[in-house]
Chemist: 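Have a look at this one.
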Amino acid sequence: MASPKMGNCPRCKKLYLKIRDICEECYQKQETEFQAVSGYLREHKGSTLQEVSEATEVSIAQIRQFILSGRIMLVQFPNLTYPCEICGTEIRKGRTCSSCTETAKQLADNLNKTVDEKKSYLRVMSERI
Ligand SMILES: [Zn+2]
Ligand SMILES: [Zn+2]
């Protein structure tokens with residue numbers, strides 16, 4: 001059996017024993033936040049993300065993560081949308097809107113090309129020296 005390793009918590013950067021994605025303290029905090037958000041949504045099904053965040057004092061990024069991890073089902077909340085990671089367009093599925101997903105893919109392709117070009121340029125330069 002593999003024993004859990006030490007690592008830095010992605011939320012608070014503290015060193016912790018990696019038995020879950022985040023440290024115990026952050027996990028507890030996240031659970032409290034989840035209870036607040038889901039409790040609020042139960043009473044206010046027509047809320048927007050902004051309203052939920054303001055009422056519960058849970059960050060939009062955190063609520064968004066609850067949605068992305070499937071803990072909050074958007075299908076029950078008609079007005080709940082969250083911003084695309086890149087352009088901020090309101091979406092209800094995935095991390096980025098469809099046009100950004102497409103653009104990001106193209107950018108990644110171009111970036112790979114640029115890196116290759118740089119590498120060959122550097123190789124040529126170092127051969128000259
Ligand atoms: Zn933590
Ligand atoms: Zn977008």
Side-chain angles (χ1 to χ4, degrees):
M1 205 180 89
S3 58
K5 293 189 175 61
M6 296 297 285
N8 285 93
C9 169
R11 274 176 70 120
C12 66
K13 313 287 178 227
K14 220 171 55 185
L15 204 63
Y16 77 116
L17 198 59
K18 279 192 136 177
I19 37 175
R20 41 170 89 90
D21 295 341
I22 50 177
C23 75
E24 185 62 30
E25 213 173 292
C26 289
Y27 177 77
Q28 295 299 342
K29 191 163 169 258
Q30 186 176 284
E31 286 312 293
T32 311
E33 290 180 345
F34 178 72
Q35 293 307 325
V37 170
S38 66
Y40 182 83
L41 277 171
R42 219 173 303 139
E43 306 291 319
H44 309 85
K45 286 197 195 300
S47 316
T48 63
L49 189 65
Q50 193 72 41
E51 287 166 356
V52 181
S53 173
E54 274 166 19
T56 59
E57 290 180 355
V58 177
S59 71
I60 285 182
Q62 180 61 68
I63 302 173
R64 190 171 164 281
Q65 201 228 312
F66 290 143
I67 297 170
L68 283 173
S69 61
R71 297 186 73 183
I72 291 172
M73 299 291 186
L74 287 191
V75 77
Q76 301 168 30
F77 312 109
N79 297 325
L80 211 57
T81 55
Y82 53 89
C84 159
E85 237 166 43
I86 298 168
C87 71
T89 299
E90 295 298 315
I91 51 171
R92 285 171 66 83
K93 211 178 86 185
R95 291 177 172 275
T96 51
C97 71
S98 50
S99 81
C100 284
T101 307
E102 192 51 41
T103 314
K105 219 174 72 192
Q106 283 171 6
L107 276 177
D109 286 351
N110 284 341
L111 198 66
N112 284 338
K113 261 183 236 156
T114 319
V115 168
D116 284 347
E117 275 163 21
K118 262 192 199 144
K119 269 189 203 151
S120 53
Y121 173 74
L122 285 175
R123 199 163 42 233
V124 171
M125 289 308 280
S126 63
E127 276 165 7
R128 279 190 196 173
I129 299 166

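This structure is a prediction, so every number in the text was calculated from the model and none was measured. One-based numbering, in listed order, for ligands and for the atoms of each. Residues: numbered from 1 along the sequence shown.
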Chemist: Can you list the steps and then say if Arg11 with Glu25 is a salt bridge (Lys or Arg N to Asp or Glu O under 4.0 Å)?
Modeler: CA-CA 10 Å; Arg11 274 176 70 120; Glu25 213 173 292; over 6 Å; no

Chemist: Test of geometry: compute the angle SG(Cys26)-the Zn ion (ligand 1)-SG(Cys23) and round it to 10°.
Modeler: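 An angle of 110° at the metal.
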
Chemist: Do Glu31 and Arg71 pass the salt bridge (Lys or Arg N to Asp or Glu O under 4.0 Å) test, and can you show the C-alpha distance, the side-chain angles, and the key distance before you say yes or no?
Modeler: CA-CA 11 Å; Glu31 286 312 293; Arg71 297 186 73 183; 3.1 Å; yes

Chemist: To the nearest 10°, how many degrees is the angle Cys9 SG to the Zn ion (ligand 1) to Cys12 SG?
Modeler: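 Rounding to the nearest 10 degrees gives 110°.
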
Chemist: Where the Zn ion (ligand 2) is the centre, what is the SG-to-SG angle for Cys87 and Cys97, rounded to 10°?
Modeler: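 For SG of Cys87 and SG of Cys97, the angle centred on the Zn ion (ligand 2) reads 110°.
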
Chemist: For the atoms SG of Cys84 and SG of Cys100, give the angle they form at the Zn ion (ligand 2), rounded to 10 degrees.
Modeler: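 If I round to 10°, I get 110°.
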
Chemist: Taking a hydrophobic cluster as the set of Ile, Leu, Val, Met, Phe, Trp and Tyr residues connected by side-chain heavy atoms closer than 4.5 Å, whether directly or through intermediates, do Val58 and Tyr27 fall within one such cluster?
Modeler: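 Cluster IDs for Val58 and Tyr27 differ.
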
Chemist: Step by step, would you call Lys113 with Glu117 a salt bridge (Lys or Arg N to Asp or Glu O under 4.0 Å)?
Modeler: CA-CA 6 Å; Lys113 261 183 236 156; Glu117 275 163 21; over 6 Å; no

